[in-house]
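What follows is a single structure, written as structure tokens, with notes after it.
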Amino acid sequence: MGEPFEQASFGATTVYFGERRGKYPHGNSIAVRGRSESVVIDPSLGLVARPAAERPRADRVLHSHCHEDHFAGSFLYPDAPWHFHEADLPGIGSLDALLDLYGYPEPIRSAWAKTVVERFHFTPRPDARGFRGGDVFELGGARIEVIHAPGHTRGHSFFRILPDDLVVLADVDLSSFGPYYGDAWSDLEDFERTLASARELRARWYATFHHIGVIEGREAFLERLERFAAVIADRERRLLEYLAEPRSLDEIVRHRFVYRPQDAVAFADGVERRSMAQHLARLERAGRVRQIDPGRYRIAPS
Ligand SMILES: [Zn+2]
């Protein structure tokens with residue numbers, strides 16, 4: 001591994017691995033070649049880094065969702081139609097709409113705006129087209145079926161590629177980091193429903209966008225999926241332990257449950273706040289956590 005322009009073929013499907021095997025901010029892009037059309041899914045920084053002759057051709061560009069690392073190379077295909085799930089479609093229409101999707105407060109919002117433009121080549125495409133779960137792209141001898149898998153973003157989708165029997169899992173990336181639901185347009189409980197339905201996915205190959213790469217076989221997939229899903233319960237368990245003493249959301253954010261204290265991530269505080277507020281809200285609904293003074297929370301006596 002570690003070759004800069006590594007790729008792997010699965011019939012009509014080719015995976016173009018990004019640097020460090022697609023570890024964020026890089027990612028693994030996918031091309032599907034049919035007799036009548038070629039499609040690229042999630043053009044990443046890895047495609048930008050390749051010489052033009054080594055990039056896949058595309059008659060259209062599909063996106064699993066509207067996030068910076070998944071459209072970072074889409075500008076390489078200005079003449080092709082770009083597609084997103086209709087729920088994520090507003091995000092590609094303008095920089096402001098994209099920043100609303102993340103929902104980070106200032107001053108993170110302005111710094112992040114600069115990053116998505118300069119580092120991830122954000123290019124507004126108000127003419128991008130929407131798809132829905134169940135939609136099919138026929139490429140001639142190969143087809144791509146959309147499976148709506150929300151939670152990470154509202155429109156996050158899987159793609160099933162036939163006849164290669166490969167499912168694109170995108171940011172259900174099976175990493176040890178675990179599920180990311182830290183944006184304004186993320187939803188913890190949608191993510192959990194998506195993880196539950198992912199257990200029913202049957203395929204030979206499972207392709208993740210980040211460094212886990214392509215997994216062969218349902219058994220290996222399910223094992224990783226369980227470990228990935230368990231991170232949610234682990235964050236919640238650690239939050240409950242922390243709430244043995246009364247704490248404010250600001251203290252929870254500073255303590256860090258999603259990132260590690262030493263992780264230098266510019267938007268970490270925003271992600272911690274959005275992620276852990278969702279845990280807090282549902283623990284409160286379930287009667288497991290109580291607000292003892294305004295803005296201070298503690299576990300409820302059982
Ligand atoms: Zn994402």
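The figures here come from the full heavy-atom set of this structure, side chains too, leaving out hydrogens, waters and symmetry mates. Order of appearance sets the numbers: ligands from 1, and atoms from 1 within every ligand.
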Out of curiosity, Trp112 CH2 to Tyr102 OH, how far, rounded to the nearest 0.5 Å?
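Atom-to-atom, Trp112:CH2 and Tyr102:OH are 5.5 Å apart.
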Could I get the full list of salt bridge (charged side-chain N to carboxylate O under 4.0 Å, His left out) partners for Glu245, not counting sequence neighbours?
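So Glu245 forms no salt bridge (charged side-chain N to carboxylate O under 4.0 Å, His left out) with any residue.
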Partner residues of Glu200 under the salt bridge (charged side-chain N to carboxylate O under 4.0 Å, His left out) criterion, sequence neighbours left out
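Salt bridge (charged side-chain N to carboxylate O under 4.0 Å, His left out) check on Glu200 returns nothing, list empty.
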Is a donor from one side chain sitting under 3.5 angstrom from an acceptor on the other, for Ser175 and Asp173?
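A donor-acceptor contact under 3.5 Å links the two side chains.
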When the ring planes of Tyr180 and His152 are compared, do they come out parallel, tilted or perpendicular, using 30° and 60° as the limits?
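Because their plane-to-plane angle is over 60°, the rings of Tyr180 and His152 count as perpendicular.
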By side chain to side chain contact (heavy atoms under 4.5 Å, CB included) - contacts of Ala8 (at least two apart)
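With neighbours one apart ignored, the set is Phe10, Phe17.
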Could you pull out the N/O/S protein atoms under 2.8 Å of the Zn ion (ligand 1), ignoring any water?
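His65 NE2, His67 ND1, His152 NE2, Asp171 OD2, with waters left out.
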